[in-house]
Amino acid sequence: MYLILLGAPGAGKGTQAHVLTDLIKIAHVSSGDLFRENIKNGTPIGIEAQGYINRGELVPDETVIEMIMEHLSTPACRNGALLDGFPRTIYQADALNEALREHFKEGISRVIYIKVDTDELLQRLSGRWICPVCQTPYHEINNPPRVKGKCDQEGAELYQRDDDKRSTAERRLQVYFNQTMPLIDYYKEHGLLLEINGQQPVEKVTRDIVTALEAIPANEGKKSIMLGETEESLVA
Ligand code: ADP
Ligand code: AMP
């Protein structure tokens, strides 16, 4: 099964991904986490991506597509994946659909769109702290760890991302509005979009997502929707 988490920076995609992958036992594939890992390891992808990330811009499509496709072919993703932060452009969405159809003989099951107001997004990004080991995001006010500054699972010292500082966060939101928001209509037109109110407590957002996923008819799980084919043509 392939699911996509769509939403602005700070909408709560990573937060929900950590809970959901525990519940539904599929791999969490975060393009941002993969880039940060590549940067830490000084790989060619990391070296290329760093400048874009520091400026709050998107990394070029071809680079991110190659990185994600390679990752989707690893054994960790043999049961599918919950994609977080990818796709972020129509070009990436088309490439993902084509690759899934060609190499994995499966389509996207649903796109979970987590909707949050802009003011709230900036407040969330400025208070975000992340575990360097398991990448779980916390928030100093909304979603604090049990012990200040330490990850609940790993006990590791939490850190703040450089690109969460106000000026870069504002640029990232602008980039989201211009380049990623068109994906909402793109997936809506294909009948794949589940719109979730992200401005509720974390647990309530999770519950709404699970309820929406549970409402997917069982036969769809087997057949899976391919973009370009209508639900009716699959059921027929
Ligand atoms: P994204 O992955 O979409 O960029 P995160 O999951 O990292 O977003 O969440 C951004 C920040 O908002 C984090 O500090 C997180 O703790 C906090 N957060 C996530 N979900 C909620 C929520 N439902 N209500 C309040 N704060 C939240
Ligand atoms: P995130 O952790 O999802 O907030 O991503 C951090 C940064 O990584 C983004 O601001 C982009 O610079 C880059 N990035 C992550 N995913 C993508 C993507 N799908 N396409 C292009 N750039 C990406």
Side-chain angles (χ1 to χ4, degrees), residues 4-21 28-39 45-46 48-69 71-72 82-96 112-117 119-131 134-145 151-152 158-165 167-176 178-180 183 196-209:
I4 293 171
L5 278 168
L6 181 62
K13 301 181 298 296
T15 302
Q16 294 302 325
H18 278 87
V19 184
L20 290 169
T21 47
H28 172 202
V29 177
S30 154
S31 43
D33 286 352
L34 288 173
F35 279 131
R36 283 182 286 278
E37 171 107 4
N38 274 283
I39 290 170
I45 287 185
E48 185 193 346
Q50 178 127 51
Y52 294 99
I53 293 178
N54 289 348
R55 290 191 299 276
E57 306 286 342
L58 294 186
V59 177
D61 285 335
E62 296 302 346
T63 306
V64 64
I65 289 165
E66 194 185 323
M67 177 181 77
I68 292 286
M69 293 316 158
H71 198 77
L72 288 181
L82 177 63
L83 291 160
D84 160 8
F86 179 88
R88 258 173 155 103
T89 62
I90 299 276
Y91 186 87
Q92 291 177 19
D94 284 338
L96 172 67
I112 302 158
Y113 165 46
I114 307 180
K115 194 174 174 198
V116 171
D117 291 345
D119 289 354
E120 167 89 10
L121 293 169
L122 286 169
Q123 185 267 359
R124 286 189 186 184
L125 292 173
S126 64
R128 171 158 70 180
W129 291 80
I130 295 176
C131 172
C134 66
Q135 320 307 325
T136 299
Y138 295 88
H139 190 279
E140 53 198 25
I141 297 161
N142 308 345
N143 186 23
C151 175
D152 291 351
L158 304 177
Y159 78 99
Q160 283 195 295
R161 278 169 49 177
D162 282 345
D163 61 345
D164 277 347
K165 64 172 183 281
S167 57
T168 316
E170 282 175 350
R171 177 70 194 132
R172 285 162 59 212
L173 288 181
Q174 234 174 46
V175 167
Y176 168 78
N178 293 336
Q179 300 191 55
T180 307
L183 288 178
I196 304 291
N197 175 8
Q199 262 168 287
Q200 312 180 83
V202 171
E203 299 73 24
K204 175 71 168 87
V205 177
T206 308
R207 233 177 306 134
D208 284 0
I209 294 173

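Computed from a predicted model, the values in this text were never measured in an experiment. As the structure lists them, so they are numbered: ligands from 1, and atoms in each ligand from 1. All values below were derived from every heavy atom in this structure, side-chain atoms included, with hydrogens, water molecules and symmetry-related copies excluded.
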N/O to N/O below 3.5 Å, does that happen between G85 and ligand 2? yes
closest protein heavy atom to atom 16 (N) of ligand 2 is S31 OG, 2.7 Å
Is R128 close to ligand 1, meaning an N/O of one under 3.5 Å from an N/O of the other? yes
Check ligand 1 against A8 and write out every atom of the ligand that is under 4.0 Å from a heavy-atom position of the residue. 3 (O)
Does R36 come within less than 4.0 angstrom of ligand 2, counting non-hydrogen atoms of the residue? yes
Tell me the protein heavy atom at minimum distance from atom 23 (N) of ligand 1, and give that distance in Å. Q200 O, 2.7 Å
Hey, are R171 and D163 close enough for a salt bridge, meaning a charged N less than 4.0 Å from a carboxylate O? no
Which atoms of ligand 1 are found less than 4.0 Å from any heavy atom of V202? 20 (N), 21 (C), 22 (C), 23 (N)
Any N/O of D84 closer than 3.5 Å to an N/O of ligand 1? no
Protein residue, atom and distance nearest to atom 15 (C) of ligand 1, heavy-atom basis: T15 OG1, 3.7 Å
What protein heavy atom sits nearest atom 13 (C) of ligand 1, and how far off is it? Y138 O, 3.6 Å
Which one of H18, R124, E120 has a non-hydrogen atom at the shortest distance from atom 24 (N) of ligand 1? R124
Among all protein heavy atoms, pick the one closest to atom 22 (N) of ligand 2 and tell me residue, atom and distance. V59 N, 3.0 Å
Geometry only, no angles: is G12 polar-contacting ligand 1 at N/O separations under 3.5 Å? yes
Does E66 have more than 12 heavy atoms from other residues, nucleotides or ligands lying within 6.0 Å of its CD? no
Between F86 and ligand 2, is there a nitrogen or oxygen pair with a distance under 3.5 Å? no
Does an N or O anywhere in E57 fall below 3.5 Å from an N or O of ligand 2? yes
Short version for Q16: what comes under 4.0 Å of ligand 1, heavy atoms counted, is neither
Within a distance under 4.0 Å of any heavy atom of R172, pick out the atoms of ligand 2 and give their elements. 4 (O), 10 (O)
Measuring from atom 25 (C) of ligand 1, which candidate in D164, N143, N142 has the nearest non-hydrogen atom? N142
N197: side chain to side chain donor-acceptor pair (under 3.5 Å) partners, not counting sequence neighbours: none
Given R128, R88, R55, which one has a non-hydrogen atom that is nearest to atom 18 (C) of ligand 2? R88
Among all protein heavy atoms in this structure, tell me which lies nearest to atom 6 (C) of ligand 2, with the distance rounded to 0.1 Å. R161 NH2, 3.4 Å
May I ask you to check whether E62 and Y91 show a side-chain donor-acceptor distance below 3.5 Å? yes
Write out the residue and atom name of the closest protein heavy atom to atom 20 (N) of ligand 2, then the distance separating them to 0.1 Å. Q92 NE2, 2.9 Å
Top protein contact for atom 23 (C) of ligand 2, by heavy-atom distance: F35 CE1, 3.7 Å
Can you measure from CZ (R88) to CG (L83) and round to the nearest 0.5 angstrom? 12.0 Å
Give me the residue, atom name and distance of the protein heavy atom closest to atom 7 (C) of ligand 2. I53 CG1, 3.9 Å
